[in-house]
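Take a look at the structure set out below.
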Amino acid sequence: MNFLEEKILQDGVVKPGNVLKVDSFLNHQIDVALIDEIAREFKRRFAGKPVTKVLTIETSGIAIACAVAREFGVPMVFAKKSKSVNLDGEMYVAEIESYTHKKVNRVVVAKKYISPEDHVLIVDDFLANGCALQGLISIVDSAEAEVEGLGIAIEKGFQEGGYRIRNLGYHLESIAIVDSMDAETGKIIFREQI
Ligand code: 5GP
């Protein structure tokens with residue numbers, strides 16, 4: 001069992017509706033040493049990739065993405081949720097359905113922060129149905145930049161996002177993959193990884 005799986009078993013809480021609460025170390029209070037370890041693990045798993053930018057989505061991806069960007073020595077960019085209808089053509093835009101809030105967010109990234117020369121590592125805290133990652137991929141595509149890989153802290157392997165993204169041919173790495181979890185018993189089972 002790896003360090004993140006151990007932490008999830010220790011402090012994660014399974015909620016009804018297939019939601020795993022990790023507020024005590026990842027989503028509200030943040031265990032900074034754990035975030036640094038996640039970042040080093042991504043540096044190892046994406047070793048040799050010519051990453052020039054790390055991209056995530058606000059809010060909960062930001063802490064992990066900062067630590068990953070520091071490991072690679074590159075800037076971190078986060079897609080911002082935007083209510084504005086008057087987008088001035090200076091922004092890449094994607095519509096992303098939020099798994100936890102069940103609503104559609106429009107997210108934007110200023111064009112000046114991702115350019116065709118960029119090699120982008122996309123990072124997020126969770127992967128469920130894959131909407132967040134697909135939105136971020138579409139932003140990189142709009143910039144005509146390259147997606148070098150996608151790094152996720154916790155993948156819910158019983159939802160289809162991971163299958164979809166890997167099927168599209170992307171290099172997706174998840175540090176912990178939850179294959180099943182039960183809100184009544186609190187039991188969490190992880191996928192074996194080599
Ligand atoms: P997706 O777009 O893959 O369906 O969902 C990914 C996003 O939803 C992540 O950015 C994350 O913030 C949120 N999310 C999805 N499932 C969970 C969950 O079980 N627990 C928490 N804390 N966030 C989740």
Side-chain angles (χ1 to χ4, degrees), residues 4-31 34-35 38-39 42 54-69 76-82 92-109 120-141 147 149-191:
L4 184 57
E5 294 167 338
E6 276 173 12
K7 185 72 174 171
I8 294 167
L9 286 192
Q10 197 184 307
D11 293 333
V13 180
V14 184
K15 293 282 183 188
N18 280 332
V19 171
L20 178 60
K21 275 268 187 194
V22 290
D23 279 17
S24 67
F25 60 97
L26 205 61
N27 282 162
H28 190 20
Q29 171 170 266
I30 291 180
D31 181 335
L34 183 88
I35 295 276
I38 290 173
F42 284 142
V54 173
L55 176 67
T56 191
I57 177 170
E58 71 176 351
T59 308
S60 51
I62 292 177
I64 299 174
C66 270
V68 175
M76 185 281 274
V77 179
F78 64 93
K80 290 185 161 202
K81 289 167 190 157
S82 161
Y92 299 118
V93 184
E95 308 280 342
I96 296 180
E97 194 178 327
S98 160
Y99 179 79
T100 35
H101 300 111
K102 307 278 178 244
K103 63 171 188 177
V104 176
N105 282 311
R106 169 183 293 168
V107 301
V108 300
V109 171
V120 181
L121 178 58
I122 295 174
V123 166
D124 205 1
D125 59 341
F126 267 92
L127 170 57
N129 292 326
C131 301
L133 288 190
Q134 283 187 314
L136 293 173
I137 290 170
S138 82
I139 285 175
V140 178
D141 287 347
V147 176
L150 302 104
I152 295 294
I154 307 170
E155 174 179 338
K156 293 193 289 181
F158 53 88
Q159 291 182 245
E160 62 199 29
Y163 176 77
R164 269 197 209 159
I165 303 284
R166 290 186 181 95
N167 241 10
L168 291 170
Y170 291 104
H171 180 184
L172 168 65
E173 293 281 349
S174 303
I175 299 180
I177 304 180
V178 175
D179 260 344
S180 69
M181 55 187 203
D182 186 322
E184 262 174 41
T185 61
K187 193 169 167 59
I188 301 173
I189 295 172
F190 296 105
R191 189 173 303 172

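All ligand and atom numbering here is 1-based and tracks the order in the structure.
- Ligand 1 places these atoms under 4.0 Å from at least one heavy atom of Leu127: 3 (O).
- With a 4.5 Å cut-off on side-chain heavy atoms, Ile152 and Leu133 count as touching.
- Below 4.0 Å from some heavy atom of Ala132 lie the following atoms of ligand 1, by number and element: 2 (O).
- The shortest distance between side-chain heavy atoms of Val140 and Ile122 falls below 4.5 Å.
- Residue contacts with ligand 1 for Asn18 involve N, CA, C or O but no side-chain atom from C-beta outward (heavy atoms, distance under 4.0 Å).
- Residue Ala128 has at least one heavy-atom neighbour below 4.0 Å for each of these atoms of ligand 1: 1 (P), 3 (O), 4 (O), 5 (O), 15 (C), 16 (N).
- Asn27 places a side-chain heavy atom less than 4.5 Å from the side chain of Phe126.
- The shortest N or O to N or O distance between Gly130 and ligand 1 is under 3.5 Å.
- Under the 4.5 Å side-chain criterion, counting only non-hydrogen atoms from C-beta, Leu26 is in contact with Ile154.
- Using a 4.0 Å cut-off between heavy atoms, Gln159 makes no contact with ligand 1 at all.
- Shortest contact from atom 16 (N) of ligand 1 to any protein heavy atom: Lys156 NZ, 3.0 Å.
- Around NZ of Lys102, the count of heavy atoms belonging to other residues, nucleotides or ligands within 6.0 Å exceeds 12.
- Distance alone, capped at 3.5 Å, places no donor-acceptor pair between the Glu155 side chain and the Ile177 backbone.
- Ranking the protein heavy atoms by distance from atom 23 (N) of ligand 1 puts Phe126 CD1, 3.5 Å first.
- The protein heavy atom nearest to atom 13 (C) of ligand 1 is Thr100 OG1, 3.9 Å.
- Between Val19 and ligand 1, no N or O atom pair is found at a separation short of 3.5 Å.
- Counting heavy atoms of neighbouring residues, nucleotides and ligands inside a 6.0 Å radius, atom NZ of Lys81 exceeds 12 of them.
- Using a 4.5 Å heavy-atom cutoff, the side chains of Leu127 and Leu172 are in contact.
- Gln159 and Lys156 are linked by a side-chain donor-acceptor pair at a separation below 3.5 angstrom, with hydrogens and angles left out of the test.
- Considering backbone and side-chain N/O atoms, Leu20 comes within less than 3.5 Å of an N/O atom of ligand 1.
- Residue contacts with ligand 1: Lys21 is placed with no nitrogen or oxygen under 3.5 Å of a nitrogen or oxygen of the ligand (distance criterion only).
- What sits closest to atom 8 (O) of ligand 1 on the protein, heavy atoms only, is Tyr99 CB, 3.8 Å.
- Contacts of Asn129 with ligand 1, taken as heavy-atom pairs under 4.0 Å, involve both backbone and side chain.
- Note on ligand 1: Ser60 sits in its first shell, one or more heavy atoms being nearer than 4.0 Å.
- Atoms of ligand 1 found under 4.0 Å from any heavy atom of Asp124, numbered from 1 in the order shown, are 9 (C), 10 (O).
- With hydrogens and angles left out, the side-chain atoms of Ser98 and Asn105 include no donor and acceptor closer than 3.5 Å.
- Every atom of ligand 1 with a heavy atom of Asp125 under 4.0 Å away is listed here by number and element: 9 (C), 10 (O), 11 (C), 12 (O).
- In this structure, Thr185 contributes its side chain and Lys187 its backbone to a donor-acceptor pair below 3.5 Å.
- Looking at atom 22 (N) of ligand 1, its nearest protein heavy atom turns out to be Asn27 OD1, 2.9 Å.
- Contact annotation for Ile96 and ligand 1: no heavy atom of the residue comes within less than 4.0 Å of the ligand.
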Working for salt bridge (charged side-chain N to carboxylate O under 4.0 Å, His left out), residues Lys80 and Glu58: CA-CA 6 Å; Lys80 290 185 161 202; Glu58 71 176 351; over 6 Å; no

